[in-house]
Amino acid sequence: MAFEGVDYFNLDDLLSEEELMVRNTVRKFVDDEVLPTIEEHYQNGTYPAELVPKMAEMGLFGMTLPEEYGCAGMNYRCYGLAMQELERGDSAIRSFASVQSSLVMWPIFTYGSEEQKKKWLPKLATAEAIGCFGLTEPDHGSDPGGMKTTAVKTDNGYVLNGAKMWITNGTLADVAVVWAKLDGVIRGFLVEKGTKGFTAPEMKGKHSLRASVTSELVFDDCEIPAENILPGVEGLKGPLKCLTQARYGIAWGAVGAAMGCYDSALNYTKTRIQFDKPLASFQLIQNKLVYMVDAITKAQLMNMQLSHLKENDSMRPQHVSMAKRNGVYIALEVARLARDIHGANGILGEYPIMRHMANLETVKTYEGTHDIHTLIIGADITGIQAFK
Ligand code: TGC
Ligand code: FAD
């Protein structure tokens, strides 16, 4: 059955023709191509490689970057809507698009040399090349500024030593955007697959994001050429600005997962009969459904205004922190209520609920945990930083 959306406040009225077209195209792709196979991939722990060229064909990689680099040149609301729809399919699919677009193409576009842009962006847009983003380390997650990975200048380029962990698409990637300290200052480097001294073993045993590849990146005297440094940025703000891009997409994506769970729960309550009546007729069930649609609607409104701020260059990273934190929080609440409403059926793969719920536990943690975003907003409103 085609998904009809969750739009209690008629927010579609605010969308342009192009935005509606993008949203509806991705929505149909998720119904036709993602949902029929994603549960099997999730159960088997396999990554849905067959979907990637189709996403590229729809222009979903680097979709806000200019056409001269083979990208779609769309606005940020289109990007948000696309992420919302993809995550209704599965967080792993949205993750793939987030990493490729916001964490690989965006830094190459923003910090890269013209040669780096010409070499990588068109290939990344068509998914002829896949990228990953290496910031987190085994001992530095929420505090990436403490990273231990180093780069040392040599006559021919740089030598990298250290390790990254929890890197989405690491094993698949043709190019890794890696953050390392050069003379104590954080810099970005492009490390190509097959470079001597670079390995990217896959991490196994996840109970969440099972349709996504997660990897370590290991650098053991890994020599890269001088032209592989990103010339346009120095310091921790380099990777953090990329995170602002990706967190923007996650804020929308998480709401997509919530919409999928709510839709499933609403339909279920209309057909499941207990005590001779549909579940939907009981007050306690209606209370849960109303909580869900209310939370989704408020998060949608926040995302719409976030996209407005972004398009007007008045969005601050703290706005994104609030939207990411809120979107994931309500999505987890909605998933838990949906699980409850489906009774025992809620634990089956026949419904998307447990898959979304388990995925959202990752989404709550990556790109800044719920509590890190609390501290970012807390520092913003009080002027007192409470991280350290
Ligand atoms: P702090 O001193 O606050 O900041 C250092 C410099 O960066 C600037 N800045 C930002 N700039 C742009 N966007 C942001 N979001 C920024 N946050 C900070 C800041 O103004 C400063 O600039 P300057 O000019 O003064 O140098 O740094 P800190 O060390 O105190 O740390 C702050 C903290 C904790 C907020 C930050 O490190 C943080 O966000 N930690 C969370 C780490 C995180 O989110 N990691 C994500 C890894 S990637 C990932 O998870 C990908 S999952 C992908 C997928 O599969 O979808
Ligand atoms: P920690 O930083 O050790 O935090 C543990 C707990 O302590 C959390 O609850 C946290 O909120 C809390 N905490 C930490 N500091 C404070 C404080 N100052 N005050 C109060 N509480 C605090 N990273 C990448 O670089 N690239 C990727 O592509 C990527 N993909 C990922 C994919 C998956 C499936 C997962 C699970 C993670 C991925 N990550 C990636 C890593 C992710 O960004 C980190 O896991 C995240 O930043 C949190 O770091 P940590 O796991 O080390 O937790």
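Each ligand, and each atom within it, is numbered from 1 in the order the structure gives. Keep in mind that what you see is a predicted model, and the values were worked out from it rather than measured.
- Looking at atom 30 (O) of ligand 1, its nearest protein heavy atom turns out to be Lys388 NZ, 3.1 Å.
- Within a 4.0 Å radius of atom 20 (O) of ligand 1, the protein contributes no non-hydrogen atoms.
- At a heavy-atom cutoff of 4.0 Å, ligand 1 is contacted by no atom of Trp166, backbone or side chain.
- Shown here, atom 7 (O) of ligand 1 is in close reach of the protein: a heavy atom of it lies under 4.0 Å off.
- At a heavy-atom distance under 4.0 Å, only side-chain atoms of Thr362, from C-beta outward, approach ligand 2.
- Counting heavy atoms under 4.0 Å from ligand 1, residue Asp143 does not touch it at all.
- Of all the listed residues (Gln318, Lys164, Arg247), Arg247 holds the heavy atom that lies closest to atom 44 (O) of ligand 1.
- Judged by distance alone, the side chains of Ser321 and Arg247 never bring a donor and an acceptor atom under 3.5 Å apart.
- Protein heavy atom nearest atom 24 (O) of ligand 1, with residue, atom name and distance: Lys237 CD, 3.7 Å.
- The parts of Ser95 lying near ligand 1 are both backbone and side chain, judged by heavy-atom distances below 4.0 Å.
- The shortest N or O to N or O distance between Ser98 and ligand 1 is not below 3.5 Å.
- With hydrogens left out, the protein atom closest to atom 29 (O) of ligand 1 is Leu236 CD2, 3.4 Å, a heavy atom.
- The distance between the ring centers of Tyr111 and Trp106 falls below 6.0 angstrom.
- Residue contact annotation: Leu375 has a non-hydrogen atom under 4.0 Å from ligand 2.
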Item to check | Test side chain to side chain contact (heavy atoms under 4.5 Å, CB included) applied to Arg325 and Ile376, step by step | outcome: CA-CA 11 Å; Arg325 178 180 181 277; Ile376 290 172; over 6 Å; no

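- Residue Trp166 holds the heavy atom nearest to atom 40 (C) of ligand 2 of all those in Trp179, Tyr366, Trp166.
- The Ile167 neighbourhood of ligand 2 comprises atoms 24 (C), 25 (O), 26 (N), 27 (C), 28 (O), with distances under 4.0 Å to a heavy atom of that residue.
- The existence of a salt bridge linking Lys117 and Glu115 is excluded, since no basic side-chain nitrogen approaches an acidic carboxylate oxygen closer than 4.0 Å.
- In terms of protein heavy atoms, atom 36 (C) of ligand 1 is closest to Leu240 CD2, 3.9 Å.
- The part of Leu103 lying near ligand 1 is the side chain, judged by heavy-atom distances below 4.0 Å.
- The part of Ile376 lying near ligand 1 is the side chain, judged by heavy-atom distances below 4.0 Å.
- Contact annotation: for Glu367 versus ligand 2, heavy atoms closer than 4.0 Å belong to the backbone alone.
- Phe387 O, 3.0 Å is the protein heavy atom nearest to atom 18 (N) of ligand 2.
- At a heavy-atom cutoff of 4.0 Å, ligand 2 is contacted by both the backbone and the side chain of Thr136.
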